[in-house]
Each structure stands twice: as structure tokens, then as C-alpha cells.
Q: 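My questions will all concern the structure given below.
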Amino acid sequence: MRPYRDLKIGSLIQEELSKIIAKEVEFDNALVTIVRVEISPDLLQAKISLGIIPVEKEIPVFEQLEKRRRELEYRLLKKMNIRPMPHLKFVIEQH
């Protein structure tokens, strides 16, 4: 029964984080999508796989998201109200 909870939380994080990023984070001519969210078994970490187009913008977009990671975690916590809130770890999806 445990894996279903991980999948459900991962799906909710993907949906809500996508909305937050689309609404509140401004990227300079880049398209950012959340490809996959993997939740650790203890629910303390969420690995967010990002798809970024064009490839030349991957590093600046990744750095911008890393800088705002704590703010994104806070907004996600307010939206979802789950305890403990998994810490976000951004990863660029390899093509």
C-alpha cells in the first residue's frame, strides 16, 4: 500500500509545482516542464526531473530554480499542507 501513497504525493507535487512555476517564475525565452517526480520511501525528499527547452538555457534555468528552491517548497507546503514536506531536489532530464 505504501508505493501508492508515494505515487499520489508525487503526482500532487508535480501538478501543484507546475502551476506555481508557470505563474510565479519568469524564464528568459525558455520552456520548463516537470517530467517526473520521485519521492523517497521516507517521504523526506522529492527528486524533480526537469525538461528545459532550448538546451542552451538549461544551466541558467536550473540555477534560478535552485536559488528559489526554499521559496518553492514554502509555497508548495501552503498549497498542499502535508507533513513532512519533502525537500525538493531539481535534476535536469537527460535527452
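One-based numbering along the sequence shown.
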Q: Please list, chain by chain and in numerical order, all residues satisfying side-chain contact (heavy atoms from CB on, under 4.5 Å) with R36, sequence neighbours excluded.
A: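 E38, S49, E93.
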
Q: Please assess I9 against V37 for the test side-chain contact (heavy atoms from CB on, under 4.5 Å), listing each intermediate value before the final yes or no.
A: CA-CA 9 Å; I9 290 173; V37 175; over 6 Å; no

Q: For N29 and K57, which heavy atoms make the closest approach, and how far apart are they?
A: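 In terms of heavy atoms, the two residues are closest at O-CE, 4.1 Å.
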
Q: Enter the distance from L76:CG to I20:CD1 here, rounded to the nearest 0.5 Å.
A: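 Here the interatomic distance stands at 5.0 Å.
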
Q: Using every non-hydrogen atom in the two residues, find where L12 and M80 come nearest and quote the distance to one decimal.
A: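 It is CB-CE, 3.7 Å.
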
Q: Applying side-chain contact (heavy atoms from CB on, under 4.5 Å) to I39 and Q45, what does each step give before you reach the verdict?
A: CA-CA 6 Å; I39 305 292; Q45 188 169 18; over 6 Å; no

Q: Considering all heavy atoms of both residues, which atom of L77 and which atom of I82 are nearest to each other, and what is their separation?
A: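 Nearest heavy atoms, L77 then I82: CD1-O, 3.3 Å.
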
Q: Only counting residues at least two apart or in another chain, list the ones meeting salt bridge (Lys or Arg N to Asp or Glu O under 4.0 Å) with E63.
A: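 None.
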
Q: What are the two closest heavy atoms between P86 and I13, and how far apart are they?
A: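 The answer is CG-CD1, 4.0 Å.
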
Q: If you measure from CG on L88 to CD on E71, what distance do you get to the nearest 0.5 Å?
A: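 These two atoms lie 12.0 Å from each other.
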
Q: Provide the closest heavy-atom pair for F90 versus F62 in the form atom of the first, atom of the second, distance.
A: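 In terms of heavy atoms, the two residues are closest at O-CE1, 3.2 Å.
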
Q: How long is the straight-line distance from CG of L65 back to CZ of F27, given to the nearest 0.5 Å?
A: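 CG of L65 is found 4.0 Å from CZ of F27.
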
Q: Please tell me if the side chains of V25 and R68 come closer than 4.5 Å, counting only heavy atoms from C-beta onward.
A: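 Yes, their side chains come closer than 4.5 Å.
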
Q: What's the separation between atom CD in Q14 and atom CD1 in I34, rounded to the nearest 0.5 Å?
A: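 Rounded to the nearest 0.5 Å, the CD-CD1 separation comes out at 6.0 Å.
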
Q: Measuring from R75:CZ to L17:CG, what's the distance to the nearest 0.5 Å?
A: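 Here the interatomic distance stands at 12.0 Å.
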
Q: Could I get the full list of salt bridge (Lys or Arg N to Asp or Glu O under 4.0 Å) partners for R69, not counting sequence neighbours?
A: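 Residues passing salt bridge (Lys or Arg N to Asp or Glu O under 4.0 Å) with R69: E66, E73.
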
Q: Measuring from atom NZ of K23 to atom OG of S18, what distance do you get when rounded to the nearest 0.5 angstrom?
A: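 Spacing of NZ (K23) from OG (S18) equals 12.5 Å.
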
Q: Taking the side chain as everything from C-beta on, heavy atoms only, tell me whether I48 gets closer than 4.5 Å to V91.
A: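 They are not in side-chain contact.
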
Q: Quick one: does L44's side chain get under 4.5 Å of P84's, heavy atoms only?
A: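 Sidechains of P84 and L44: in contact.
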
Q: What is the minimum heavy-atom distance between V35 and L50, and which atoms define it?
A: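 The answer is CG2-C, 4.0 Å.
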
